[in-house]
Amino acid sequence: MVRIPGENADDALSRTTDDFSRPSDVERLVSDIDLSPYLDRADDPVEAPLPDPVPVSTATPPLLALRDLVTDPRFTDLFARALREADPDFRELFPRDASGVLGEFVRAMSWALETVENARGDEAEVAQVVEFARHLGADHRKLELSTRHHQRFGEALTSTLRHLAGPGWDDRLSTTLGTVYRVLTTALREGAAAGHGPARVGATVVEVLRPTRDVVVVRLISDVMVDYHPGQHLSVLTPYTPGVWRRFSPAMPANPAGQIEFHVRDVPGGALSGSLVRGVGVGDRWVLARPLGLLEVDRTEPVRDVLMIAGGTGIAPLRCLLMDMMRHGANPRVHLFYGARHPGDLYDLPTLVDLAATAPWLTIQPVSEEDTDPWWAGARQELPRTLHRRQTGTLVDVVTGWGSWADRQVLLAGSPEMLRATVRGMVAVGTPRENISFDRP
Ligand SMILES: Cc1cc2nc3c(=O)[nH]c(=O)nc-3n(C[C@H](O)[C@H](O)[C@H](O)COP(=O)(O)OP(=O)(O)OC[C@H]3O[C@@H](n4cnc5c(N)ncnc54)[C@H](O)[C@@H]3O)c2cc1C
């Protein structure tokens with residue numbers, strides 16, 4: 001029981017909790033407490049005028065002026081702060097270092113503003129932007145955002161851009177931003193409404209394997225089956241870095257028992273992967289969301305043979321595709337190049353060799369950049385023999401050393417650098433770019 005100063009016990013007992021909402025009671029309760037340390041300071045950097053606001057010329061089209069404001073280097077910090085103050089729920093979504101997620105927002109927003117400006121009335125171009133926002137909306141179902149969140153996000157965006165523009169902010173920019181944001185939120189809501197299946201599914205870690213120092217294989221059982229296609233990836237939220245969603249690719253096809261396996265590598269300096277690799281344990285609860293991605297074996301006639309190239313944990317989605325292919329009677333030939341830094345980093349080779357033993361259409365070519373394992377890597381498992389001897393070099397050098405593979409459908413998975421180097425190297429030796437598929441980082 002809470003007693004208001006001066007109130008007797010009987011009165012306090014007969015008072016309902018709702019009575020606390022009466023301003024006079026609340027005011028009386030807090031009147032003696034000094035709340036000033038908890039209130040915004042007058043020198044709040046979001047509110048104080050910037051010494052050098054972004055110059056906005058009235059000659060610049062308003063969409064491009066908004067793009068210049070969004071891409072200003074100070075935008076992400078100011079916006080993160082405005083968001084955290086706008087709604088308590090945003091504190092988890094946009095943590096103190098929100099440069100990753102807000103960096104993506106800046107890229108998407110500046111692309112959308114430029115595309116609409118350059119479209120000059122071409123509806124197909126504008127539709128492309130709206131379609132992108134709908135996809136985003138479908139993905140955002142996992143965040144369980146409400147109309148209130150969209151509204152607060154819009155208010156924080158407006159106040160940040162107004163602050164950056166300083167005296168250059170005018171009705172023209174304000175009206176344009178209002179229209180852009182209305183179109184954006186409508187598309188986001190439409191995308192979210194069109195999504196199928198549960199927005200998030202809980203999953204329990206049931207087994208953890210540590211094949212190398214920096215890779216962990218995590219097996220989970222999901223509360224309900226997540227119906228992903230082989231080769232797709234899932235958005236994953238873990239307890240190791242709260243609020244940080246990352247994409248991981250299941251290494252085995254979806255099944256009614258809800259068994260899922262992920263392979264995660266520790267990316268030095270990354271927000272999540274290091275704490276996940278070090279901290280994951282049996283019994284932990286993860287959240288899985290909407291499957292995404294278009295990596296697949298094209299079976300349209302005439303079916304082309306397949307070249308798969310996997311770097312490190314990029315083996316996960318490709319192995320998932322191979323396991324799915326095992327369920328088909330007839331398959332195109334598949335040549336898989338599986339690469340890593342050291343020979344002992346090829347941790348999934350035993351499983352691949354087992355698959356190849358019953359799949360005459362599958363050939364595995366191990367590749368490592370170094371010839372031997374370093375002393376600090378400790379004892380490594382004995383790698384199985386493959387039909388093709390391990391080759392030494394980068395994946396791109398070894399793959400292109402065999403020719404252009406121009407007649408194959410080419411599927412890639414790996415780190416952003418590996419993807420960039422491999423696409424560039426293959427196109428340089430004559431592989432048609434349209435033959436190469438991978439999910440963008
Ligand atoms: C479609 C898709 C599927 C993915 N599937 C897997 C998977 O099955 N297993 C897995 O371990 N990871 C996978 N990733 C990468 C994963 O989503 C995270 O990006 C990675 O775990 C790093 O997260 P982080 O929070 O530690 O680092 P962040 O804070 O996100 O990134 C830190 C830096 O590392 C770079 N980076 C991101 N990923 C890599 C990488 N793999 N190698 C080197 N640098 C990188 C980023 O560009 C950034 O500069 C996938 C990514 C995508 C886009």
Side-chain angles (χ1 to χ4, degrees), residues 208-218 231 233 246-252 261-270 273-274 276-278 295 306-323 334-356 362-402 405 410-426 436 438-439 441:
V208 177
L209 307 173
R210 298 182 183 279
T212 72
R213 280 158 59 106
D214 60 355
V215 171
V216 74
V217 171
V218 186
H233 54 272
R246 288 288 180 264
R247 295 180 280 174
F248 294 120
S249 312
M252 59 192 273
E261 176 176 309
F262 292 110
H263 299 184
V264 183
R265 190 169 78 82
D266 178 356
V267 174
S273 56
L276 188 159
V277 168
R278 285 187 296 277
L295 209 57
V306 185
L307 171 66
M308 291 185 178
I309 308 174
T313 51
I315 193 59
L318 301 184
R319 194 244 257 182
C320 188
L321 285 167
L322 291 174
M323 289 175 88
V334 178
H335 205 111
L336 167 67
F337 284 83
Y338 173 37
R341 178 88 190 272
H342 303 108
D345 296 331
L346 297 165
Y347 64 91
D348 213 30
L349 212 45
T351 309
L352 297 171
V353 169
D354 282 350
L355 289 181
L362 174 61
T363 313
I364 294 161
Q365 173 64 66
V367 179
S368 65
E369 287 172 33
E370 310 286 340
D371 235 345
T372 52
D373 288 326
W375 62 268
W376 46 259
R380 300 286 192 126
Q381 62 178 335
E382 189 68 28
L383 290 180
R385 284 171 66 90
T386 44
L387 190 61
H388 292 285
R389 280 163 175 260
R390 182 184 55 75
Q391 294 203 336
T392 307
T394 60
L395 268 167
V396 60
D397 287 345
V398 172
V399 170
T400 53
W402 288 47
W405 305 87
V410 183
L411 307 184
L412 308 183
S415 68
E417 308 91 271
M418 174 267 177
L419 293 174
R420 261 193 303 274
T422 311
V423 172
R424 205 179 299 130
M426 294 200 71
I436 307 175
F438 58 93
D439 278 327

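Note that the coordinates shown come from a computational prediction; the quantities given were computed from them, not determined experimentally.
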When you look at R246 and V264, which way does the side chain to side chain contact (heavy atoms under 4.5 Å, CB included) test go after all the steps? CA-CA 11 Å; R246 288 288 180 264; V264 183; over 6 Å; no
Those residues that, when tested against [X], pass salt bridge (Lys or Arg N to Asp or Glu O under 4.0 Å) (two or more places apart):
X: D373; value: none
X: R213; value: none
X: R390; value: D371

Can you name the residues that form a ring-ring contact (aromatic ring centres under 6.0 Å, His included) with H335, not counting sequence neighbours? F337, H388, W402, W405
Those residues that, when tested against F438, pass ring-ring contact (aromatic ring centres under 6.0 Å, His included) (two or more places apart): none
Flag if over 12 foreign heavy atoms under 6.0 Å of CH2, W375: no
Going by the rule side-chain contact (heavy atoms from CB on, under 4.5 Å), which residues pair with [X] if we only count those two or more places apart in sequence or in a different chain?
X: P416; value: R420, P441
X: S415; value: E417, M418
X: P317; value: S249, L295, A413
X: D266; value: D214, S273, V277, R278

T400: partners by side-chain hydrogen bond (donor to acceptor under 3.5 Å, both in side chains), with sequence neighbours left out: none
Supply the atom-to-atom distance [X] [atom1] to [Y] [atom2], rounded to the nearest 0.5 angstrom.
X: L352; Y: M323; atom1: CG; atom2: CE; answer: 10.0 Å
X: I315; Y: I364; atom1: CD1; atom2: CD1; answer: 8.0 Å
X: R210; Y: Y347; atom1: CZ; atom2: OH; answer: 13.5 Å
X: T372; Y: H342; atom1: OG1; atom2: NE2; answer: 7.5 Å
X: D439; Y: R247; atom1: CG; atom2: CZ; answer: 7.5 Å
X: L209; Y: H263; atom1: CG; atom2: NE2; answer: 8.5 Å

E370 side chain to T392 main-chain N or O, any donor-acceptor pair under 3.5 Å? no
Side chain to side chain contact (heavy atoms under 4.5 Å, CB included) assessment of V399 paired with T422: CA-CA 9 Å; V399 170; T422 311; 5.8 Å; no
Closest non-hydrogen atom pair, A310 against L395: O-CD1, 3.4 Å
Heavy-atom nearest pair, V396 first then G425, reads CG2-CA, 3.7 Å
Can you tell me which residue pairs pass the salt bridge (Lys or Arg N to Asp or Glu O under 4.0 Å) test with a partner in residues 344-356, sequence neighbours excluded? R319-D348, D345-R380
Can F248 and L276 be said to form a side chain to side chain contact (heavy atoms under 4.5 Å, CB included), step by step? CA-CA 12 Å; F248 294 120; L276 188 159; 4.1 Å; yes
